[in-house]
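This is a predicted model, so every value here is computed, not measured.
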Amino acid sequence: MSATRIAVIGGGPRGMMVLERLAARLSEHPGPLDVRLFLVDAVEPGAGQVYRTDQPDWFLMNTVAGQCSAYSGEPDGGPARAGAGPSFGEWWESVGDYPGPDSYAPRGQYGRYLRAVLTAVEESLPSGVRLRCVKERVEDIARVDGRYRIALSGGEQLDVDRVVLTTGHSRNRLTGREDGLADFARQHPELRYIQGESAADMPLDAIAPGSGVGVIGLGLSFYDVMAALTIGRGGRFTSREDGTLVYRPSGEEPVIVAGSRSGMPLPARGRNQKPPRYSYRPVLFTPERVRAQQPRGQLDFLRHLFPWLMAEIELVYYGTALRRAFGGEVAQRFGAQVERAAEAGVPPVEAIAGRLGLRDVPPVDLDALARPFAHRTFTGPGDFERALREEIEQDLRYAAEGNVDAPLKAALDVMRDTRWVIRDLVDFSGLTGRSQREDFLGWYVPRASFLAAGPPRERLQQVLALIDQGLLRIVGPRTRFDAGPEGGCFVVSSPQVPGSAVQVRTLVDARIPEPDLRRDLSPLSARLRESGAWTSYVNDSDGARYDTGGVAVTRSPYHPVDRDSGVDEGMYVLGIPTEHTRWFMQVGSSRPGMWSDFVHDADAIAAHALRPVARAGVPRARTPELVGPGAETAGERSPEVKAG
């Protein structure tokens, strides 16, 4: 009998977890094996594009080192191998120069860890299993004689029995405002428009020293662009005695003119006070409580989910404030009273805290926190800069207190810690089409991304230092990026800040593109779309047809659904291409020793892909501690999809 051949296309963190689970399951097989595994990535198999090892160290992760692992199990005293290996922090400590578990690593360093995981997995493969890493781009996948023929950019073809696609972000065809700005730049050779993607792949070196560069967006990618145009140009940040930073320019920097809807750079993550294996367990915001209101049918985000989510956020916020004010005993009494009140419905958390003596603590207002300047007007750029500095300095004070001791930072971490609950309720048309589009993706997700996905504190300190040097100007809220009225420049301005308009000749879109199969420019996605093998998931069960742009897949193990509603059971699609069919597919690691959805998804695919081998006796995989609801066993749920 010929070998079982499985290809994983996309060699970043998700592809690596699928490979790790394939290897872990194969290592438990009792008999002879004949399996060929392929890991294919156009940039760097094992690290992928985002974590490629040759990128500069000024591009940082936004999760602390101690909380990341690419292994599905912890070390057990034996050699590192599939199913048992060191966390990122443990590995980094073993290779030296480790700043500690609460540090934020360069992305390239995490890529080196992923490459070490790849080496350990390959060296521990059982007899009869071979792995080949292929550094090429996949141009096409077609069914030929019952197998999948993978066409590589170098001309080679691979024939395999199963193919797993874990590809990451790609470039989209520009539309609307962005297409107009890019077209304006094409009409004026002295101008340049740089489309959004990973900052490490942007042509930022071509921006002239001293020139003005407009930066669209103040999220995580903004900080990458900011670092590349300052530290990457030879500048240095040094510390004053009071802990603030001073920027020492090299003279090679451009002047950054940035803005966004909020006018506020993404707030900092709280100083980490949580151990690597800590996992927050929601008390109020659980799938069971939400479903109790609406046992059948689709949910409305603002009506069914959000009140319980806010109650959970308030539980942590007021509980932390009570602990600080009156001690742990009062905080425990508060929690018990809230839980009892929840038996009758969404509890009045703020009122219960007030009855226990808490005073003068402002409520948690997500709109006000995410849009701090929305209802303010300013007399000019100087007035706005003073207000901006006050907001940043306050955020830094909160962040310094920590993500356990600071009420606000502790509460906002709930938005990260309960993502699994949201996924359980919203994936696969869990919400009505209107509520998914307007309430969830249109209102909540931008605010959650702003408030709960921040950078290390040092990034906000660097913002202040660059403003002091005159090398960074944030123009104000509701920032506009326009073509100059007479050509020859772009104009960056804020309608709430008189005199804020600045002319620049380069625009950089510092926003990661939303995944959208309909506009995806990658050759492979385009071919799969055109052939009908991949379709866009549509939520239309409430009569409000919403075409999400995410690849339509079944539930676990995530087979794609073709244009005729057929299910391709030999192909699997996991991660970013399925965003909006599922939610928050950007995750790139799991906590050490804990099986989050990140691991469960990969294991479900591995189990299904190895069915031909399993018939010869692969035992059921052992499952460590579960985080969140977990994933069902591969193949147990029937397909529930709508393709458009």
Tell me if the CG atom of D242 is crowded by more than 12 foreign heavy atoms within 6.0 Å. yes
Test: ring pair (Phe, Tyr, Trp, His ring centres under 6.0 Å). Region: residues 474-509. Which pairs qualify, not counting sequence neighbours? F184-F490
Is a side-chain donor or acceptor of Q273 paired with a backbone partner of V404 at a separation under 3.5 angstrom? yes
Under 3.5 Å, is there a donor-acceptor pair linking the side chains of S435 and D439? yes
Taking atom types as modelled, find out whether E514 and H580 have a side-chain donor-acceptor pair closer than 3.5 angstrom. yes
Donor-acceptor pair, Q496 side chain versus G476 backbone, under 3.5 Å? no
Main-chain N/O of A105 paired with S103 side-chain donor or acceptor, under 3.5 Å: no
Cation-pi, Y51 ring and R107 (6.0 angstrom, 45 degrees): no
Neighbour count above 12 (heavy atom, 6.0 Å) for Q503 CD: no
Expected output: side-chain R240 to main-chain L245 donor-acceptor under 3.5 Å: yes
Between R271 and D102, does at least one N-O distance fall below 4.0 Å, as a salt bridge requires? no
For the pair E253 and R233, find out whether any cationic side-chain nitrogen is under 4.0 Å from an anionic carboxylate oxygen. no
Taking CZ in R416 as the centre, count heavy atoms belonging to other residues, nucleotides or ligands within less than 6.0 Å. Is the count above 12? yes
Taking all non-hydrogen atoms of both residues into account, name the closest pair between M226 and L472 and its distance. SD-CD2, 4.4 Å
Ignoring hydrogens and angles, tell me if any N or O in the side chain of E197 forms a donor-acceptor pair with the backbone of S170 under 3.5 Å. no
Parallel, tilted or perpendicular: rings of Y280 and Y278 (30°, 60°): tilted
Is the shortest distance from a Lys or Arg side-chain nitrogen in E178 or R511 to a carboxylate oxygen in the other one below 4.0 Å? yes
Looking at every heavy atom in both K409 and P267, which two are closest together, and how far apart are they? NZ-CB, 4.0 Å
Side-chain heavy atoms of R371 within contact of R478, under 4.5 Å: no
Closest approach of A370 to S262 (non-hydrogen atoms, all atoms of both residues): O-CB, 3.4 Å
For a side-chain contact (heavy atoms from CB on, under 4.5 Å) with E314, tell me which candidate from L284, V338, V414, V349 qualifies. V349
Do NZ/NE/NH1/NH2 and the carboxylate oxygens of K274 and D413 come within less than 4.0 Å? yes
Checking side-chain polar atoms at under 3.5 Å, does R171 have a donor or acceptor matched by the opposite partner on Q195? yes
Y247 (side chain) donor-acceptor with T230 (main chain) under 3.5 angstrom: yes
Which residues pass the salt bridge (charged side-chain N to carboxylate O under 4.0 Å, His left out) test with D516, sequence neighbours left out? R518, R519
Given the options V213, V508, T506, R192 meets side-chain contact (heavy atoms from CB on, under 4.5 Å) only with T506
R389 with D468: basic N within carboxylate O range, under 4.0 Å: yes
At what distance, to the nearest 0.5 angstrom, does CH2 of W583 lie from CD1 of I422? 4.0 Å
Can you give me the closest heavy-atom contact between Y317 and P362, atom names plus distance? OH-O, 2.6 Å
Check the side chains of T578 and R582 for a donor-acceptor pair under 3.5 angstrom, ignoring hydrogens and angles. no
Listed by chain and number, what are the side chain to side chain donor-acceptor pair (under 3.5 Å) partners of S69, not counting sequence neighbours? none
Are D57 and R112 ion-paired here, with the side-chain N under 4.0 Å from a carboxylate O? yes
Check whether any side-chain heavy atom of I392 lies under 4.5 Å from a side-chain heavy atom of P265, and answer yes or no. yes
If I take atom OH from residue Y318 and atom CD1 from residue I313, how far apart are they, to the nearest 0.5 angstrom? 11.5 Å
Of all the heavy-atom pairs spanning P592 and P276, show the shortest one and how long it is. CD-O, 3.8 Å
Side-chain heavy atoms of Y444 within contact of L309, under 4.5 Å: yes
Aromatic rings F88 and Y110: how do their planes relate, parallel, tilted or perpendicular, breaks at 30° and 60°? perpendicular
Check: I474 main-chain N/O paired with E385 side-chain donor or acceptor under 3.5 Å: no
Using 30° and 60° as the class boundaries, would you call the ring planes of F373 and F378 parallel, tilted or perpendicular? perpendicular
Is it the case that S494 and T479 place a side-chain donor and acceptor less than 3.5 Å from each other? no
Got a donor-acceptor contact below 3.5 angstrom from the D383 side chain to the T379 backbone? yes
Salt-bridge test for R324 and E401: reply yes if a basic N is under 4.0 Å from a carboxylate O, no otherwise. yes
Please test R248 against F237 for side-chain contact (heavy atoms from CB on, under 4.5 Å), starting from the C-alpha separation and ending with a verdict. CA-CA 6 Å; R248 311 294 183 189; F237 290 96; over 6 Å; no
Any donor-acceptor pair under 3.5 Å from R437 side chain to G442 backbone: no
Atom of Q55, atom of A200 and distance for their closest heavy-atom approach: OE1-CB, 4.0 Å
Using a 6.0 Å cut-off, check whether atom CZ of R186 has over 12 heavy atoms from anything other than its own residue. yes
Heavy atoms, side chains only, cut-off 4.5 Å: are V502 and V491 in contact? no
side-chain contact (heavy atoms from CB on, under 4.5 Å) partner of D597, the single match among R423, R419, M585: R423
Going by distance alone, is a donor N or O of one side chain under 3.5 Å from an acceptor N or O of the other, for W443 and D367? yes
Taking atom types as modelled and ignoring hydrogens, do the side chains of Q462 and R459 form a donor-acceptor contact shorter than 3.5 angstrom? yes
Does the N62 side chain pair with the main chain of P455, one donor and one acceptor, at a distance under 3.5 Å? no
Would you call R434-D300 a salt bridge at under 4.0 Å N-O? yes
Within 6.0 Å of CZ in R303, more than 12 heavy atoms from elsewhere: no
For the residue pair F301 and F306, categorise the inter-ring angle as parallel (less than 30°), tilted (30 to 60°) or perpendicular (more than 60°). tilted
Between CG on residue L464 and CG on residue L396, distance to nearest 0.5 Å: 6.5 Å
Please report the interatomic distance CG(L204) to CG(D201), rounded to the nearest 0.5 Å. 10.0 Å
